[in-house]
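Read through the structure below, which is laid out as structure tokens, and then see the notes.
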Amino acid sequence: MPQKDNDRRVDGGESKGDATDLQLDREVVMEFGGPLGVTAMMLGFPCLMYYFWFSLKYHQGAIFYPTSFDDILPFFQRLSQYFWQSAAPTVWGFQTYGIFCLISATMAAFMPGPHIKGMPIPSLGGKSLDYTCNGVYSWYLLLVVSIVLHVTGVFRLTQIIDHFGELMTAAISFGFIITLLTYLFTMFTPVFGKPHRMSGNIIYDIFMGAPLNPRIGPLDLKLWAEIRVPWIILFYISLSCLLKQYEWLARQVLTLESPVRTRTYGFITAPQAFMVLAHVLYVNACQKGEECIPTTWDIFYEKWGFMLIFWNLAGVPFTYCMSSLYLSLVLGPISWSTSYTVLCYVVLLAAYYAWDTTNSQKCRFRMQQRGIYIERKTFPQLPWGTIKNPRYIKTEHGNLLLTDGWYRYARKFHYTADLVMALSWGIITGFSSFLPYFYPCFFVFVLTHRVVRDNERCAKKYGKDWEKYVQTVPYIFIPYVF
Ligand code: NDP
């Protein structure tokens with residue numbers, strides 16, 4: 001049984017696998033097709049985001065393209081018109097996005113919360129960084145502030161959907177600017193520590209990043225960007241769609257009723273409410289279980305470059321919201337049959353339960369093993385989120401591999417659950433457009449690529465013990481199937 005040590009924090013200490021960890025942490029592996037592949041991604045991602053937005057705004061969510069050779073030039077002229085009409089950079093867009101980032105970064109730096117130790121960092125001689133887990137309090141405070149701003153009319157949340165294109169342009173610009181600044185500061189100043197795991201190819205290094213753990217005073221930039229920006233903006237986009245629907249339907253009802261009535265109430269549809277619920281669950285999970293985030297691959301291994309910066313600041317919020325936008329801008333107040341709607345809700349909640357508990361089972365197991373487990377009361381704490389007396393494999397490296405709970409059935413069951421949630425965001429919109437299914441399709445690629453990378457890394461790290469683990473838990477995604 002791993003050490004149980006509630007409310008006590010101790011350093012991880014030396015482990016037998018230090019040398020292996022250091023070697024793996026330094027190893028440069030060219031991913032994503034190397035410099036050419038990452039250049040295509042850096043140019044392609046923003047184009048794709050604009051294309052999706054124009055498709056929703058001007059083409060009912062349909063895929064559009066030049067219909068003949070002669071149509072190629074007019075097609076690009078149309079795209080340019082769409083851009084200036086619905087996504088041109090504005091002071092308002094930059095100000096709004098910038099103020100949000102500033103508020104959320106200030107909260108991340110200064111709100112109170114329990115402190116935890118992150119994973120030992122091989123390049124720092126096994127030292128662990130301190131993290132303040134104030135995400136959940138910041139999230140609640142942000143909710144209160146935004147409700148006040150909305151109700152008083154200082155900042156109506158419906159403006160988010162009204163100015164979606166402008167905000168997306170601001171986010172994309174921030175993604176590029178912060179990527180470049182981070183790279184330059186790391187290469188030419190000591191503020192973010194030494195450049196880490198560099199390939200020597202400037203384009204590839206800008207994409208993958210130079211610093212491993214950039215911080216500004218008490219603000220851990222990577223953790224902030226990972227959970228304080230993308231999911232929260234995503235939630236506000238969906239909420240904005242919901243409020244817009246409510247106001248729009250209220251106006252429809254008002255015009256049908258006696259002009260004597262000056263006030264009326266709209267309503268919201270089950271699919272639009274579904275999207276808000278889905279995004280509330282995701283944001284809340286990241287904040288209430290923030291102590292688990294430093295143990296994830298993005299934080300302990302990936303560097304802070306275009307891939308994480310752009311994707312967190314712009315990609316996640318402005319592409320994962322396709323379902324909410326499609327419901328709001330294209331389908332309108334649509335409803336499905338009760339049984340279909342209930343099925344969607346059940347799938348979402350069941351997948352959420354599995355995802356939340358799989359992540360927390362492994363994370364808490366690892367925290368207990370290192371003696372840094374803190375018991376939190378954040379809402380909701382789900383049954384089976386922590387396993388008592390779990391089975392595990394002790395490795396020569398020194399780490400333990402969990403083979404109990406969900407990990408008894410599949411090695412990446414949390415990926416499957418996450419993917420099912422993503423799929424449920426699509427099916428709630430029906431099957432008339434590909435756009436709401438972009439996220440689940442893209443996610444399949446992200447997760448399989450991760451599984452391959454992670455498997456290779458762990459096989460090197462744990463050697464025969466990893467083989468034993470794979471024999472003990474042979475399935476990756478779906479127990480007894482695959
Ligand atoms: P994991 O949580 O699977 O972390 C992998 C690491 O966990 C391994 O490298 C290994 O690290 C350790 N590990 C693996 N198996 C075991 C075990 N049996 N017992 C103990 N430790 C083990 O992956 P991620 O960090 O990628 O994902 C975390 C969550 O984030 C997932 O739910 C995922 O779906 C989600 N996610 C969401 C994204 C999105 O865009 N929506 C994008 C990416 C992730 P070690 O070297 O320490 O042994």
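Note that ligands are numbered from 1 as they come in the structure, with each ligand's atoms numbered from 1 the same way.
Interface atoms of ligand 1 facing Y320, defined by a heavy-atom separation under 4.0 Å, are 40 (O). Under a 4.0 Å criterion applied to the non-hydrogen atoms of K461, ligand 1 contributes the atoms 45 (P), 46 (O), 47 (O). The R457 neighbourhood of ligand 1 comprises atoms 9 (O), 46 (O), with distances under 4.0 Å to a heavy atom of that residue. Those atoms of ligand 1 with a heavy atom of Y469 less than 4.0 angstrom away are 15 (N), 17 (C), 18 (N). Remark: ligand 1 atoms within the under-4.0 Å shell around heavy atoms of L400 are 20 (C). Heavy-atom proximity to T296, at under 4.0 Å, picks out these atoms of ligand 1: 25 (O), 28 (C). Within the listing of ligand 1, atoms 37 (C), 41 (N) sit less than 4.0 angstrom from a heavy atom of Y282. Proximity to Y462 (heavy-atom distance under 4.0 Å) selects the following atoms of ligand 1: 45 (P), 46 (O), 48 (O).
The shell of residues lying under 4.0 angstrom from ligand 1, judged by heavy atoms, excludes Y301. Residue Y439 places a heavy atom under 4.0 Å from ligand 1. Taking 4.0 Å as the cut-off, R411 does not count as a neighbour of ligand 1 on heavy-atom distance. Using a non-hydrogen distance threshold of 4.0 Å, F413 does not register as a contact of ligand 1. Within the 4.0 Å heavy-atom cutoff, Y392 does not count among the residues contacting ligand 1.
Figure legend: K57 and F54 shown without cation-pi pairing, the cationic atom not lying both under 6.0 angstrom from the six-membered ring centre and within 45 degrees of its axis. Geometric assessment of R215 against the ring of Y131 yields a positive cation-pi assignment under the 6.0 Å and 45° thresholds. Judged by a 6.0 Å distance limit and a 45° cone about the ring axis, R411 is not positioned over the six-membered ring of F477.
Judged by distance alone, the side chain of N213 and the main-chain N or O of G193 form no donor-acceptor pair under 3.5 Å. Side-chain atoms of S128 do not come within 3.5 Å of backbone N or O of K117 as any donor-acceptor pair. With hydrogens and angles ignored, the 3.5 Å screen pairs no side-chain donor or acceptor of K412 with any backbone N or O of V451.
Using a 30° and 60° split on the angle between ring planes, W53 and F164 fall in the tilted class, from 30° to 60°. Ring geometry for W425 against Y320 counts as perpendicular: the plane angle is over 60°, on a 0 to 90° scale with 30° as the lower cut. A tilted orientation is assigned to the rings of W311 and F45, their planes being inclined by 30° to 60°.
At least one N or O atom of L402, backbone or side chain, sits closer than 3.5 Å to an N or O atom of ligand 1. The shortest N or O to N or O distance between W466 and ligand 1 is not under 3.5 Å. Remark: ligand 1 and K412 share an N or O pair separated by less than 3.5 Å (distance only, no angle test). Annotation: R366 places an N or O atom under 3.5 Å from an N or O atom of ligand 1; distance criterion only.
In summary, D465 and K394 do not engage in a salt bridge, as defined by a charged side-chain N under 4.0 Å from a carboxylate O. Note on K222 versus D298: no salt bridge recorded, every NZ/NE/NH1/NH2 to OD/OE distance being 4.0 Å or above.
In this structure, atom 30 (O) of ligand 1 has no protein heavy-atom contact shorter than 4.0 Å.
Of the protein's non-hydrogen atoms, D454 OD2, 3.5 Å is the one closest to atom 5 (C) of ligand 1. Protein heavy atom closest to atom 6 (C) of ligand 1, with residue, atom name and distance, is K362 NZ, 3.7 Å. Summary of contacts: the protein heavy atom closest to atom 39 (C) of ligand 1 is F443 CE1, 3.3 Å.
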Listed pairs under 3.5 Å, donor-acceptor, residues 466-475 side chains, sequence neighbours left out:
residue : atom : partner : partner atom : Å
W466    : NE1  : N455    : OD1          : 2.9
T472    : OG1  : K468    : O            : 2.6

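The distance from atom OG of S324 to atom NZ of K244, rounded to the nearest 0.5 Å, is 15.0 Å.
Under 4.0 Å from ligand 1, not a single heavy atom of F442 appears.
Remark: among candidates W231, F300, Y415, W297, the nearest residue to atom 23 (O) of ligand 1 is Y415, based on non-hydrogen atoms.
For W355 and Y415, the ring centers are positioned 6.0 Å apart or more.
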